[in-house]
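Data block below; observations after.
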Amino acid sequence: MVSNVKDTNIISISGLTKRFKNFAAVDNISFDVKKGEIFAFLGPNGAGKSTTIKMLTTLLEPTSGSVTINGHDPKNNKDAVRKSFGIVFQDPSLDIDMTALENLQYHAVLFKVPADIRKKRIEELLRFVELWDRKNDMVKTFSGGMKRRLEMARGLLHHPKIIFLDEPTLGLDPQTRNHIWNYLLEINQKEGMTIFFSTHYMEEAEKVAQRIAIIDHGRIVAIGSTAELEEKTKTATLEEAYIALTGSVIREEQVNGSDRMRLMGRMMGRN
Amino acid sequence: MSTIYILWLRQVKKYFRAKSRIIGSLGQPLLFLLVFGFGFGAIFQQAGQGNYLQFLTSGIIMMSVLFTAIFSGIDLIWDKQFGFLKETMVAPVPRWQIMLGKTVGGATVASIQGVIVFVLALFVGFKISDPLMLPVALLFIILIALLFTSLGVAIASIIEDMQGFQLIMNFMVMPIFFLSGALFPLQGLPTALEVVTRIDPLTYGVDGIRSALGGVGSFGMGMDMMVIVIVAVIFLGVGTYLFEKIQA
Ligand SMILES: Nc1ncnc2c1ncn2[C@@H]1O[C@H](COP(=O)(O)OP(=O)(O)OP(=O)(O)O)[C@@H](O)[C@H]1O
Ligand SMILES: [Mg+2]
């Protein structure tokens, strides 16, 4: 695969910190991502991956530090930042009481996909994630993997310069995972779209990412290519390098109130 | 423009899809009309206040608009809880457009509900005196719907879960309804109660539509309308501000 990485930074993070009360979920992290780069973000449960992504995507106000996305600062120019990216969230984010088509139409309007290409683009993406036949079905009738595929289609609908994927392939079967990555890599090649993704699948990171950042307890513990990380830790695989860097203790995840509500909602069948 | 439209469309579509909910939400106003309208009718008449159903209908229409409007605004909490709000929040559109789309959508639904209750009241025996004033009555419905939907969105922006919602219902929405003159005339009240009724924005909605539908008003329709518009604009502004502050 030819590398499509440009020499300019499309994401710059400097001293970024997020505290919840006294707990630092993200603790003074700094790094850059280059235009066209495929960048993986690894770390144990509760390490601060999603919190970082939320700050990069204007959903969460940082406690301190600065961020530049596609040349814009989320602090004072949120809309310019929002125009630059697409996102697939870790948690469910579809309206399950609307159809697949309606979810995408809503997105297309809000993300300003020109009206004349809207229909074509939506069809193209629904066909790609193999949901075209189900386009008029309520999302609540979809399986977990189908919902994930729809979210993926939605994140790509407006052809963003950067796509943030927070554990995008969680719960997908291997065929679908491959299918989706092939498509992502194709857009990366053709349009130079930057891919920033978090995952717990080491082989996924190893296979597609040009660079990897490992975060633990809110701090970046290592950053570099797979080879560089292996060399640094004197290990033979990314998985071994990862364990060498983050230890083998299982993290107890702190569940906050809204997570609990979401779980309850899932049990009540809303998701 | 298209942002406001798509948010409006989502709200209205969902309303028409939940047919059982529409029917369910008509039970309460109908019960109030029948039980209160006929139950208190005799006393009201004896007190020299005329026909109670004629009086009560305006109050019950507005009750229905109030509840539906607050609910459609506050259902933002569900979007918050179940994740869909994040999708709207990362959209590159000004927050006031989102706020307005959501509010206009909710207000449309609440207005439809108000009109349905009006029609029900006609069947129960309510009589209009001047059909030419119906558009004015509708205008009051729409304005009150806008006012309370934006209040609902504002509240939903700051509360986290359905427990908070219960609190709001008991300590805000019910008092707004009971203290609005929906059920009793505003004249001859104890001073404290009189003051409270004057602070309650729904009072002006009830008073306005009551005048428009041929009853006796207290403040004059111009005054009613002015108060409602001012409060609605304030709530819209506050709602936009609070919405902007939501963190995911
Ligand atoms: N709104 C919040 N209030 C309080 N604490 C929070 C909040 N959101 C996240 N946290 C805490 O911040 C830490 C980092 O959470 P985050 O979701 O970023 O982890 P993550 O790396 O994405 O983990 P996972 O792999 O499980 O998704 C966790 O300890 C979490 O409990
Ligand atoms: Mg996460």
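Any value given below was found using the heavy atoms of this structure, including those in side chains, with hydrogens, waters and symmetry copies removed. Letters A, B, ... are given to chains in the order of the sequence lines, protein chains preceding strands, and every chain is numbered from 1.
- Side-chain atoms of Pro92(B) and Phe111(A), non-hydrogen and from C-beta on, do get closer than 4.5 Å to each other.
- Scanning residues 93-110 of chain B against chain A with a 4.5 Å non-hydrogen threshold yields Val93(B), Pro94(B), Arg95(B), sorted by number.
- Taking 4.5 Å as the limit, some side-chain heavy atom of Phe84(B) sits within range of a side-chain heavy atom of Asn103(A).
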Task: Trace of the side chain to side chain contact (heavy atoms under 4.5 Å, CB included) decision for Asp97(A) with Arg17(B) - done: CA-CA 9 Å; Asp97(A) 293 319; Arg17(B) 275 177 196 165; over 6 Å; no
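- Under a 4.0 Å N-O distance rule, the pair Glu87(B)/Arg154(A) qualifies as a salt bridge.
- Met89(B) CE to Leu110(A) CG: the interatomic distance, rounded to the nearest 0.5 Å, is 12.5 Å.
- With a 4.5 Å cut-off on non-hydrogen atoms, Phe89(A) touches chain B through its side chain but not through its backbone.
- Enclosure of atom NZ in Lys161(A) is not indicated, since only 12 or fewer non-hydrogen atoms of other residues, nucleotides or ligands lie within 6.0 angstrom.
- Looking at Lys112(A), the atoms closer than 4.5 Å to chain B (heavy atoms on both sides) all sit in the side chain, from C-beta outward.
- Interface residue His107(A): backbone and side-chain heavy atoms are both found under 4.5 Å from chain B.
- Distance alone, capped at 3.5 Å, places no donor-acceptor pair between the Glu61(A) side chain and the Gln247(B) backbone.
- Around the OH atom of Tyr5(B), the shell of radius 6.0 Å holds no more than 12 heavy atoms that belong to other residues, nucleotides or ligands.
- With respect to chain A, the highest number of heavy-atom pairs below 4.5 Å among Thr3(B), Ile6(B), Leu9(B), Ile246(B) belongs to Ile6(B).
- One distance of note links OH of Tyr106(A) with CG of Leu7(B); it measures 4.0 Å at 0.5 Å rounding.
- Of the atoms belonging to Met138(A), it is side-chain heavy atoms, and not backbone ones, that fall under 4.5 Å from chain B.
- When all heavy atoms of Ile87(A) and Val90(B) are compared, the pair lying nearest together is CG2-CG2, 4.1 Å.
- Atoms CG and CG, on Leu85(B) and Leu59(A) in that order, are 9.0 Å from each other to the nearest 0.5 Å.
- Ionic pairing of Glu102(A) and Lys13(B) is present here: one or more N-O contacts between side-chain nitrogen and carboxylate oxygen are shorter than 4.0 angstrom.
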Open item on the list: One pair to check against side chain to side chain contact (heavy atoms under 4.5 Å, CB included): Lys86(B) and Asp91(A). What are the steps and the verdict?
Closed with: CA-CA 10 Å; Lys86(B) 291 194 293 269; Asp91(A) 304 325; 3.7 Å; yes
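- Under the 4.0 Å criterion applied to side-chain N and carboxylate O atoms, Asp95(A) and Arg10(B) are assigned as salt-bridge partners.
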